[in-house]
Every structure is written in C-alpha cells, then in structure tokens.
Amino acid sequence: MLAYTLLIAAVAAERVAELVVSQRNLAWSRSAGGIEFGAGHYPVMVALHTLLLAGCLVEAAHRPFVPLLGWPMLAVVLAAQALRWWCIATLGRQWNTRVVVVPDAARVTGGPYRFLTHPNYVAVVVEGVALPLVHTAWVTAAVFTVLNAALLRIRIRVEDTALEALT
C-alpha cells in the first residue's frame, strides 16, 4: 500500500505541475484577449479529479494488490501521462485546464491532434480506469468513469463550441 500511496502522491504532484503550467498559460491567454467558455463546470471537474485520487487511496486500503492486474495498469497509467504531456507540449501556450479561445489563434492540428480531436480526454478516461485498478480499486474506477463521462459530455460540447470560434 505504501508504493500505491506514493504513486497517488506522484500523480497529485503531477497535477500541481499541470496547474502551474495552466495558470501561466491562462494568464497569457487572457492577456491576448482570450475568452473563456463553460466556466461553470470547472469546479465540478476539479472536485471530481480530486475525489478520484482520494477514492483510490480509501478503496485501496481495503483491497489487495494483484500483480497480474496492477502492473499492466501501472503501464497504462504511465502511457496516459505521456499522452497528457504530449498534448500539453503540442498546444503550448494555448493549453490550460479551462476552455479559453484566443482570438485569431490558429487551431492546433499537430501532435496527437492529428489523430484525435480531444486526445487529452482519452488520457483522462484511460487514467480514470487504470489508476484505481493499479490497486484493484474497481469501485472508484467505475464511479469515476460514470461521473467523468457525464462531465466530459458537457466539457467536449463546450470545447467544440469554443473551437468553432477559431474558424
């Protein structure tokens, strides 16, 4: 359980790093006249992602580590992190955790965006399943997946509307 707690702490630290990058990029976007879309769902998203990490720890305290499941899921978590940071690097200053459109900015179509419209959300979905399953926290994985699907339905609609403003 100690190793899993350290993994969750590492993911939490990674989220803090994301927020630092996001705040810097958000400040740039706003200074460039960026317009935010769908701010109302943002606190729900923050709460859900925070509860994912807490749920992992609470449930894992009552579950065994199953190597046949845990090790492959750890590899999937690492792949999801790589995809997430590929998205962040590809979007550069345009990436942040909110939906902000900078007038006259070009729509990014390189990197993982060559293949998918919303690759970062693929990383979120995959991580939301795999991270809990590293330590067999299947209830957390299932609950997060259902709630995240509802949230992503809203978020992707908001983001698609915002992206249309670029064209």
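What's counted below: heavy atoms across the whole structure, side chains too, no hydrogens, waters or symmetry copies. As the structure is a computational prediction, the values presented were derived from the model and not from experiment.
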Sidechain-backbone polar pair: [X] side chain, [Y] backbone, donor-acceptor under 3.5 Å:
X      : Y      : answer
Asn25  : Gln94  : no
Ser22  : Glu18  : no
Thr136 : Leu133 : no

Taking all heavy atoms of [X] and all of [Y], pick out the closest pair and write down the distance.
X      : Y      : result
Pro132 : Tyr4   : CA-OH, 3.4 Å
Ala32  : Pro103 : O-CD, 3.9 Å
Val100 : Ser29  : CG1-CB, 3.7 Å
Pro112 : Leu83  : CB-CD1, 4.0 Å

### Query
Can you tell me if Trp85 and Glu14 form a side-chain donor-acceptor pair at under 3.5 Å?
yes
### Task
Decide side-chain contact (heavy atoms from CB on, under 4.5 Å) for Thr97 and Tyr42; before the verdict, give the C-alpha distance in whole Å, the side-chain angles of both, and the deciding distance to 0.1 Å.
CA-CA 8 Å; Thr97 57; Tyr42 186 75; 2.7 Å; yes
### Query
How far does OG1 of Thr117 sit from CD1 of Ile156, to the nearest 0.5 angstrom?
9.0 Å
### Query
Atom CD in Glu159, atom CG in Asn120: separation rounded to 0.5 Å?
8.5 Å
Only pairs under 3.5 Å count here: list side-chain donor-acceptor contacts from residues 65-77, not counting sequence neighbours, and write none if there are none.
none

Is the shortest heavy-atom distance from the side chain of [X] to the side chain of [Y] under 4.5 Å?
X      : Y      : result
Arg15  : Leu19  : no
Val125 : Leu152 : yes
Asn96  : Leu91  : no
Arg84  : Glu127 : yes
Tyr121 : Arg155 : yes

Can you get from [X] to [Y] by hopping between Ile, Leu, Val, Met, Phe, Trp and Tyr side chains that sit under 4.5 Å apart?
X      : Y      : result
Trp86  : Leu116 : yes
Leu52  : Val146 : no
Ile8   : Leu48  : yes
Leu147 : Leu151 : yes
Val126 : Met45  : yes

### Task
For side-chain contact (heavy atoms from CB on, under 4.5 Å), just list the numbers for Thr5 and Met1, CA-CA rounded to whole Å, side-chain angles, deciding distance to a tenth of an Å, and then say yes or no.
CA-CA 6 Å; Thr5 301; Met1 181 66 188; 3.9 Å; yes
### Query
Counting heavy atoms not belonging to Arg114, are there more than 12 under 6.0 Å from its CZ?
yes
### Task
Please test His49 against Phe144 for ring-ring contact (aromatic ring centres under 6.0 Å, His included), starting from the C-alpha separation and ending with a verdict.
CA-CA 8 Å; His49 285 257; Phe144 178 82; 5.5 Å; yes
### Pair Arg157 + Glu164, salt bridge at N-O below 4.0 Å
no
Show which side-chain atoms of residues 53-62 pair as donor or acceptor with protein atoms under 3.5 Å away, not counting sequence neighbours.
from	atom 1	to	atom 2	distance (Å)
Glu59	OE1	Val139	N	3.3
Glu59	OE1	Thr140	N	2.7
Glu59	OE1	Thr140	OG1	2.7
Glu59	OE2	Arg63	NE	2.9
Glu59	OE2	Arg63	NH2	3.0
Glu59	OE2	Trp138	N	3.3
Glu59	OE2	Val139	N	3.0

